[in-house]
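Structure, as structure tokens:
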Amino acid sequence: MSTGPRKIVRPATGNHHLRVVTVRFVLIAALVAALLKLVQVQGFEAEALAAKAAAQRSTEIDIPATRGSIVDRRGVQLAFSVESRMLAFQPRMVRRDIDKFNKDNPEDRISFDERTEEIAKGMRELIGERAGETAMLEKLRRDTNYVMLIDEVEPAVARELQTRFPEIIADYRAEREYPGGNLAANIVGVANWRMDDPDPKKHNLHGLAGLEILRDDELSGTPGRQVVDTEEGSESLVIPYTKRDLQPAVDGSDLELTIDADLQYFLQRELADYVVRAKAKGGSAVILDARTGEVYALANDRTFDPTAPRYDLDAMGNPAVSNPFEPGSVNKVVTALCAIEDGIAEPDDVHQVDGRREVADRTVKDAWPHGVLPFTTTGIFAKSSNVGTLMLAEQCGEDRFADLLKRLGLGQRTGVGLPGESPGRVPPRGQWSGSTFGNLPIGQGLSMTVLQMAAMYQAVANDGVRMPPRIVSARITPEGKRIPEPKAEGVRVVGEQTARTVRDMFRAIVQDGDGLNDGTGTTAALSGYQISGKTGTGQQIDPETGGYSDSLYWITFAGILPADDPRFVVGIMLDRPDYYGSAVEGHSAAPLFHDVASFVAQRYHIPLSKKASPVVTLVAE
């Protein structure tokens with residue numbers, strides 16, 4: 001037997017070289033394919049794929065702008081904004097998520113009904129009665145993709161609810177607060193959260209009335225935008241330090257008004273009470289700065305509460321600037337200015353005035369029957385003689401009278417800065433008929449707002465220069481820069497001496513003299529102060545006859561406090577009071593002027609007049 005190594009013989013298995021070549025070819029082909037794909041991805045598709053990846057995790061977030069506040073002349077807030085949240089829910093998506101969880105975790109199943117019951121109970125605990133469990137549960141279990149649960153939730157409460165119940169959605173909202181309720185509501189207006197614009201960027205607080213809508217662009221500001229990365233499956237869980245492409249929000253500007261909130265409150269309350277006592281259908285009043293024309297208060301007997309769930313649409317207007325009326329004898333100041341300016345008469349001149357006068361095709365009478373009486377020029381206005389006024393107006397002439405109406409701002413908007421302002425109406429000079437000039441001097445046949453009426457007397461108080469009234473004094477930027485509103489140029493109506501003379505003459509309206517020497521507005525007098533003013537009674541159109549009524553009137557009063565050193569002008573209008581009733585409020589607004597003037601004098605510490613107004617002769621012996 002051989003003892004050397006044994007030789008192992010293997011059977012042939014094919015061509016070894018061919019196998020090696022094949023494997024190498026396959027490997028090379030795979031590498032080439034991988035390389036081509038890499039080139040494709042990194043070269044040709046890199047930008048698109050990167051954008052797609054970013055889109056899968058990136059979210060655009062609106063940065064809301066805070067709406068500016070509205071404040072009075074002392075900085076008292078009349079309107080401001082607070083942040084809030086609107087809570088919502090996605091019932092169908094939550095059901096699907098629960099079903100998927102139960103399928104993957106059969107031993108830890110969750111009940112949709114039990115979960116929604118927990119959410120409803122938690123909302124009731126943290127929000128209160130507004131989030132009643134029954135109502136919330138009904139919404140949570142609706143068969144819908146999305147449902148709004150409740151609005152105006154404090155952010156801290158919303159955060160706590162989301163911590164306990166991540167299924168709840170909390171969307172940004174803002175609420176407009178009006179701490180004074182109906183205080184200056186017809187001026188300030190109202191704003192609420194609006195989503196009617198198809199552009200989501202414009203979903204924000206927007207104005208509905210008043211300055212809130214007129215100055216909406218300045219108050220609203222400009223929202224910002226930023227991009228953030230969020231966790232997969234969530235649009236609210238932001239990954240830290242991923243904010244980019246920041247476009248900062250620009251908050252809205254604040255508006256500083258000329259009004260005094262305390263004076264506004266007083267005027268609103270007193271006017272509303274007086275209208276009730278006069279059994280009138282309505283009324284308006286305004287207080288102006290005698291020098292600047294700034295509006296310190298502007299009120300109507302009816303207003304609305306911007307904090308109420310529903311607004312009184314009929315009370316949301318501003319009749320003080322939008323509803324013109326025929327002013328009656330208050331308009332006689334135009335004739336007085338013309339008579340003194342043109343040297344037609346002096347205050348003590350005596351005029352023989354009859355109780356009636358024919359003007360074209362109509363007869364004009366005084367308010368009380370009398371024969372020929374020797375009225376002084378002052379007496380014509382203090383006794384409010386229609387006939388005497390027309391006698392002086394005829395000497396003034398139609399053209400000069402029309403020019404004065406224009407200079408006093410009648411028939412044109414004041415530009416006060418409030419929406420819906422009416423220009424009133426003055427008949428075009430070319431359309432005057434024979435009887436037109438028998439109406440205009442006594443305050444009939446033309447119309448004006450209570451603001452326009454007060455502005456006429458502001459010109460008298462300001463030594464003949466009318467300053468167009470304004471109600472916004474400045475805009476305050478988010479950075480705190482105060483930008484004053486552009487001031488309109490004053491309009492010279494008459495000379496300084498003319499204005500002072502007429503102002504002195506009109507003190508007799510409130511004088512309590514002997515016999516026929518008492519004025520028509522004695523109840524407007526304020527102890528310790530010289531008061532200048534004028535009463536008025538404008539006839540309204542009888543809807544049945546189409547002519548002037550003998551029972552429907554506008555009652556007016558315009559006054560200056562104090563006459564010897566004017567600080568304020570007050571205008572008052574009452575619409576259809578109980579003129580023939582027993583109460584004095586039914587046929588005169590003078591008592592209301594007295595009360596307003598008394599409050600203003602105390603609030604602004606107006607010094608007493610150095611001397612009392614002289615008692616002058618109105619009807620000569």
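Heads up: numbering here begins at 1 and tracks the sequence. No hydrogens, no waters, no symmetry mates; every other heavy atom, side chains included, goes into these values.
- Applying salt bridge (charged side-chain N to carboxylate O under 4.0 Å, His left out) to E485 and the options R215, R470, R475 leaves one that passes, R215.
- The 12-atom threshold is not exceeded at CD of E154, counting heavy atoms of other residues, nucleotides or ligands nearer than 6.0 Å.
- For the pair Q452 (side chain) and T449 (backbone), a donor-acceptor distance under 3.5 Å is present.
- Side-chain contact of Y274 with D595: a donor-acceptor pair under 3.5 Å is absent, judged by distance alone.
- Rounded to the nearest 0.5 angstrom, M123 CE and K139 NZ are separated by 8.0 Å.
- With D273 contributing its side chain and R269 its backbone, the two residues share no donor-acceptor pair below 3.5 Å.
- Within the 4.5 Å cutoff, the side chain of L451 has heavy atoms near those of the E421 side chain.
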Checklist entry - Can you check side chain to side chain donor-acceptor pair (under 3.5 Å) on Y178 and E212, steps first, answer last? => result CA-CA 12 Å; Y178 300 93; E212 291 276 32; 2.7 Å; yes
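- Nearest heavy-atom pair across A272 and D301 is CB-O, 3.8 Å.
- Ion pair R603/D262 flagged as a salt bridge, since at least one NZ, NE, NH1 or NH2 atom sits closer than 4.0 Å to an Asp/Glu carboxylate oxygen.
- Using a distance-only test at 3.5 Å, with no hydrogens or angles considered, no donor-acceptor pair links the side chain of D72 to the main chain of L257.
- Formation of a donor-acceptor pair under 3.5 Å by the R109 side chain with backbone atoms of K103 is not found in this model.
- Judged purely by atom type and a 3.5 angstrom limit, R115 has no side-chain atom pairing as donor or acceptor with the backbone of I98.
- Annotation: side chain of T258 is not in contact with side chain of Y296 (no heavy-atom distance under 4.5 Å).
- In this structure, I259 and R73 have side chains that are not in contact, with every pair of non-hydrogen atoms separated by 4.5 Å or more.
- Counting only distance, with no hydrogens or angles, the side chain of N105 and the backbone of D108 share no donor-acceptor pair below 3.5 Å.
- The shortest heavy-atom contact between S220 and A65 is O-CB, 3.7 Å.
- The distance from atom CG of L214 to atom CD1 of I187, rounded to the nearest 0.5 Å, is 13.0 Å.
- Atom OG of S598 is separated from atom CZ of F593 by 10.5 Å, given to the nearest 0.5 angstrom.
- With hydrogens and angles left out, the side-chain atoms of T307 and D305 include a donor and acceptor closer than 3.5 Å.
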Item to check | Steps toward side chain to side chain contact (heavy atoms under 4.5 Å, CB included) verdict (T556, I572) | outcome: CA-CA 5 Å; T556 56; I572 301 168; over 6 Å; no
Item to check | Stepwise side chain to side chain contact (heavy atoms under 4.5 Å, CB included) test for L219 and I70 | outcome: CA-CA 9 Å; L219 290 165; I70 300 178; 4.1 Å; yes
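- Residues L298 and A320 share a closest heavy-atom pair of CD1-CB, 3.6 Å.
- For the residue pair T134 and E138, no side-chain donor N or O sits within less than 3.5 Å of a side-chain acceptor on the partner.
- A salt bridge does not link K487 to E489: none of the charged side-chain nitrogens sits closer than 4.0 Å to a carboxylate oxygen.
- In this structure the side chain of V491 reaches within 4.5 angstrom of the side chain of R466, judged on heavy atoms.
- By the 6.0 Å contact criterion, NZ on K279 is open, its count of non-hydrogen atoms from other residues, nucleotides or ligands being 12 or less.
- Separation of atoms CE (M453) and CG (L288) is listed at 10.0 Å; rounding is to 0.5 Å.
- Taking every heavy atom of both residues into account, P91 and F89 meet most closely at CD-O, 3.4 Å.
- Side-chain contact between M573 and I555 is absent, with no heavy atoms from C-beta onward closer than 4.5 Å.
- Salt bridge annotation for R95-D99: absent, with no cationic side-chain nitrogen under 4.0 angstrom from a carboxylate oxygen.
- Heavy-atom contacts from other residues, nucleotides or ligands closer than 6.0 Å to OH of Y265 number 12 or fewer.
- The shortest distance between side-chain heavy atoms of Y146 and I169 falls below 4.5 Å.
- Side-chain contact, R173 with S84: no donor N or O sits under 3.5 Å from an acceptor N or O.
- Interatomic distance, CG of L267 versus CZ of F599, reported as 10.0 Å (0.5 Å rounding).
- With Q162 contributing its side chain and I168 its backbone, the two residues share a donor-acceptor pair below 3.5 Å.
- Interatomic distance, I541 CD1 to E326 CD, rounded to the nearest 0.5 Å: 6.0 Å.
- Remark: the backbone N or O of G424 is paired with a side-chain donor or acceptor of S422 at under 3.5 angstrom.
- A side-chain donor-acceptor contact under 3.5 Å links T116 to the backbone of D113.
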Checklist entry - Should I287 and Q264 be marked as a side chain to side chain contact (heavy atoms under 4.5 Å, CB included) after you check the CA-CA gap, both sets of side-chain angles, and the distance that decides it? => result CA-CA 9 Å; I287 301 174; Q264 177 71 28; over 6 Å; no
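- For the 3.5 Å distance criterion, the side chains of R176 and S81 qualify, holding a donor opposite an acceptor.
- Between W554 and F325, the two ring planes are tilted [angle within 30° to 60°].
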Item to check | R164 and E118: CA distance, side-chain angles, deciding distance, salt bridge (Lys or Arg N to Asp or Glu O under 4.0 Å) verdict | outcome: CA-CA 10 Å; R164 292 171 58 180; E118 290 175 7; over 6 Å; no
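- Listed for the E152 side chain is no donor-acceptor partner under 3.5 Å among the backbone atoms of E175.
- Considering only heavy atoms from C-beta on, L87 comes within 4.5 Å of L161 through its side chain.
- A salt bridge does not link E133 with K121: every distance from a Lys NZ or Arg NE/NH1/NH2 to an Asp or Glu carboxylate oxygen is 4.0 Å or more.
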Next on the checklist: Checking M148 against M86 for the side chain to side chain contact (heavy atoms under 4.5 Å, CB included) test, could you report, in this order, the C-alpha distance in whole Å, the side-chain angles of both residues, the deciding distance, and whether it holds?
Outcome noted: CA-CA 7 Å; M148 190 189 87; M86 187 277 290; 2.9 Å; yes
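- Ring pair Y604/F568 is tilted by interplanar angle, where 30° to 60° counts as tilted.
- Side chains of L561 and V570 form no contact here, defined as non-hydrogen atoms less than 4.5 Å apart.
- If you check the side chains of S473 and E256, you find a donor sitting under 3.5 Å from an acceptor.
- When all heavy atoms of Q458 and V569 are compared, the closest pair comes out as CA-CG2, 3.8 Å.
- Salt bridge status for D314 with R302: absent, with no side-chain N to carboxylate O gap under 4.0 Å.
- Between F80 and S69, the closest heavy-atom pair is CB-OG, 3.4 Å.
- For the salt bridge (charged side-chain N to carboxylate O under 4.0 Å, His left out) with R67, the qualifying choice from D254, D216, D251 is D216, the only one to do so.
- Residues T303 and N182 have side chains that never bring a donor and an acceptor to within less than 3.5 angstrom of each other.
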